[in-house]
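Okay, structure first, notes after.
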Amino acid sequence: MAMNEALEGRVPVELDARATEVYAHLFQALADPTRLAVLQHLSYGEHRLRDLVEHVGLAQSTVSKHVAFLLECGLVSVRPDGRSSWYALAEPEATARLINAAEALLGATGTSATLCGHLRRPRSVAPEAEAS
């Protein structure tokens, strides 16, 4: 039986357009190698923009645009400190679950790929606790 025949007579499902856009935006954030590199660096702890520029080796304006996109998606948070801004993973545990799920899906489809361990297993000690 063809796919179209199997669907005949079924009522089309209404998709939530807003939810579709939100998910697409999140996955777009993860679709860029530079943004994934930024997330991996932030999995080690807070970084200033200039630290991220040094790590990824791109122009400050380019890294700034990528960080802004990650902020917009809620994947990254910012903490002002005097004249500096410190960036961190907004939800390290949730991000780790997503990355682990993606790794499992890649493995199930025959692709073996692993991002840095810190992104897959967030730090157990919060930065505020380390300073004490």
Side-chain angles (χ1 to χ4, degrees):
M1 175 184 306
M3 178 79 127
N4 289 341
E5 292 173 15
L7 296 176
E8 269 184 48
R10 291 188 180 181
V11 178
V13 175
E14 286 293 320
L15 300 179
D16 183 332
R18 182 185 171 284
T20 301
E21 286 292 321
V22 169
Y23 273 76
H25 199 239
L26 172 65
F27 291 129
Q28 185 180 11
L30 299 172
D32 186 277
T34 299
R35 289 192 286 267
L36 280 175
V38 167
L39 291 175
Q40 289 179 83
H41 285 293
L42 292 177
S43 72
Y44 287 89
E46 289 185 321
H47 283 67
R48 294 168 298 178
L49 184 62
R50 71 181 188 160
D51 301 326
L52 293 170
V53 166
E54 186 178 308
H55 290 314
V56 299
L58 296 172
Q60 182 173 340
S61 60
T62 301
V63 176
S64 181
K65 287 177 187 177
H66 286 295
V67 169
F69 195 98
L70 293 169
L71 280 164
E72 182 183 303
C73 291
L75 293 172
V76 168
S77 63
V78 61
R79 179 181 62 82
D81 182 24
R83 296 177 69 191
S84 296
S85 294
W86 291 86
Y87 298 93
L89 294 179
E91 297 292 336
E93 292 80 15
T95 302
R97 288 191 301 272
L98 178 60
I99 296 302
N100 286 319
E103 186 177 317
L105 181 58
L106 285 169
T109 60
T111 303
S112 177
T114 303
L115 292 177
C116 79
H118 282 84
L119 190 56
R120 293 181 298 117
R121 290 179 306 282
R123 296 166 42 139
S124 58
V125 179
E128 298 81 31
E130 287 180 6
S132 310

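Count residues from 1 along the sequence. Given the structure is predicted, the values throughout are model-derived calculations rather than measurements.
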Just verifying a value: how many Å separate [X] [atom1] and [Y] [atom2], rounded to the nearest 0.5 Å?
{"X": "L39", "Y": "H118", "atom1": "CG", "atom2": "NE2", "answer": "14.5 Å"}
{"X": "H25", "Y": "T20", "atom1": "NE2", "atom2": "OG1", "answer": "14.5 Å"}
{"X": "E21", "Y": "Q28", "atom1": "CD", "atom2": "CD", "answer": "9.5 Å"}

query: Under 3.5 Å, is there a donor-acceptor pair between the side chain of T62 and the main chain of L58?
result: no
query: Can any side-chain N or O of T109 pair as donor or acceptor with the backbone N or O of L105 at less than 3.5 Å?
result: yes
message: Ring centres under 6.0 Å, that's the criterion: do Y87 and H47 meet it?
response: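 When the ring centroids of Y87 and H47 are compared, they turn out to be at least 6.0 Å apart.
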- request: Establish, yes or no, whether the cationic atom of R35 lies under 6.0 Å from the six-membered ring centre of F69 and within 45° of the ring axis.
  value: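 The answer is yes, since R35 meets both limits relative to F69.
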Sub-4.5 Å side-chain heavy-atom contact between [X] and [Y]:
{"X": "Q60", "Y": "R50", "answer": "no"}
{"X": "R48", "Y": "D51", "answer": "yes"}
{"X": "L49", "Y": "S64", "answer": "yes"}
{"X": "C116", "Y": "S43", "answer": "yes"}
{"X": "L115", "Y": "E103", "answer": "no"}
{"X": "L75", "Y": "L89", "answer": "no"}
{"X": "L42", "Y": "L52", "answer": "yes"}

Consider only side-chain heavy atoms of I, L, V, M, F, W and Y, link residues closer than 4.5 Å, and tell whether [X] and [Y] are in one cluster.
{"X": "L30", "Y": "V67", "value": "yes"}
{"X": "V38", "Y": "W86", "value": "no"}
{"X": "L70", "Y": "L26", "value": "yes"}

field: Enclosure of E91 CD (heavy-atom neighbours >12, cutoff 6.0 Å)
entry: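 12 or below, so no.
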Exceeds 12 heavy-atom contacts within 6.0 angstrom, atom CD of E54: no
message: Tell me which one of T95, L98, I99 satisfies side-chain contact (heavy atoms from CB on, under 4.5 Å) with R120.
response: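 Exactly one candidate clears the test, I99.
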- request: Might you point out which heavy atoms bring C73 and A29 nearest each other, and give the distance in Å?
  value: SG-CB, 3.6 Å
